[in-house]
Amino acid sequence: MALLDLLGRRWTLRILWELRDGPLTSRALRAACDEASPTVLQARLDDLREAELVEHSAGEGYGLTELGREFRTAFMPLYAFADRWADGKPTTPS
């Protein structure tokens with residue numbers, strides 16, 4: 001349940017998603033997260049570092065740890081399902 005609590009916090013999944021292809025600096029990560037509040041973004045990064053899903057490296061920025069990459073692998077089938085679900089979902093008229 002602790003992992004689900006962490007993943008349910010605002011911006012957590014988005015941060016993990018944005019780091020899927022490699023490390024990002026704080027500035028690049030903030031831009032990728034639609035200019036999330038720096039305070040919230042830093043709090044989530046702290047949470048993710050404490051959970052050992054994300055690490056910080058001087059010069060490279062924030063990136064997924066080995067455990068974070070394992071999470072990404074486990075998460076991708078859910079992403080694929082969500083994509084298929086969204087494609088098949090009827091749109092509601094405006």
Side-chain angles (χ1 to χ4, degrees):
M1 292 308 291
L3 178 62
L4 293 178
D5 177 55
L6 174 62
L7 296 175
R9 294 177 194 164
R10 187 172 182 179
W11 294 107
T12 301
L13 282 173
R14 179 67 180 269
I15 292 167
L16 292 169
W17 179 254
E18 295 300 342
L19 296 175
R20 74 192 179 282
D21 293 327
L24 293 173
T25 64
S26 295
R27 184 178 301 243
L29 186 55
R30 185 166 178 232
C33 290
D34 300 321
E35 302 298 324
S37 150
T39 304
V40 172
L41 188 61
Q42 190 58 55
R44 292 306 159 262
L45 286 167
D46 290 346
D47 294 343
L48 289 166
R49 288 175 72 187
E50 185 178 323
E52 299 181 0
L53 294 171
V54 169
E55 61 190 354
H56 183 264
S57 173
E60 288 192 33
Y62 292 93
L64 298 176
T65 62
E66 184 175 334
L67 189 60
R69 290 186 296 276
E70 185 178 337
F71 170 78
R72 178 192 61 202
T73 300
F75 181 76
M76 290 312 288
L78 180 59
Y79 172 76
F81 172 82
D83 206 31
R84 286 191 312 276
W85 175 82
D87 284 345
K89 187 176 179 191
T91 58
T92 55
S94 308

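Numbers here simply count residues along the sequence, with the first being 1. As a basis for the values below, the full set of heavy atoms in this structure was taken, side chains included, without hydrogen atoms, waters or symmetry mates.
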### salt bridge (Lys or Arg N to Asp or Glu O under 4.0 Å): pairs with one or both residues in residues 38-50, sequence neighbours excluded
R9-D47, R44-D47
#### Entry: Minimum heavy-atom distance L6-A51, with the two atoms named
CD2-CB, 3.7 Å
### Query
Is there any salt bridge (Lys or Arg N to Asp or Glu O under 4.0 Å) pair reaching into residues 15-31, and which pairs are they, with sequence neighbours excluded?
R14-E18, R30-E35
### Message
Around atom CD of E52, are there more than 12 heavy atoms from other residues, nucleotides or ligands closer than 6.0 Å?
### Response
no
### Query
Measuring from L53:CG to L19:CG, what's the distance to the nearest 0.5 Å?
10.5 Å
### Query
Distance from L78 atom CG to D83 atom CG, nearest 0.5 Å?
11.0 Å
### Query
With hydrophobic residues grouped by side-chain heavy-atom distances under 4.5 Å, do L3 and L13 end up in a single group?
yes
### Distance, nearest 0.5 Å, that separates CD1 of I15 from CG of L64
11.0 Å
### Query
So do L29 and L45 actually touch side chain to side chain, heavy atoms under 4.5 Å?
yes
### Task
Evaluate the side-chain proximity of F75 to L16: yes if any heavy-atom separation is below 4.5 Å, no if none is.
no
### Task
Could you note down all residue pairs passing side chain to side chain donor-acceptor pair (under 3.5 Å) where residues 56-82 supplies at least one of them, sequence neighbours left out?
none
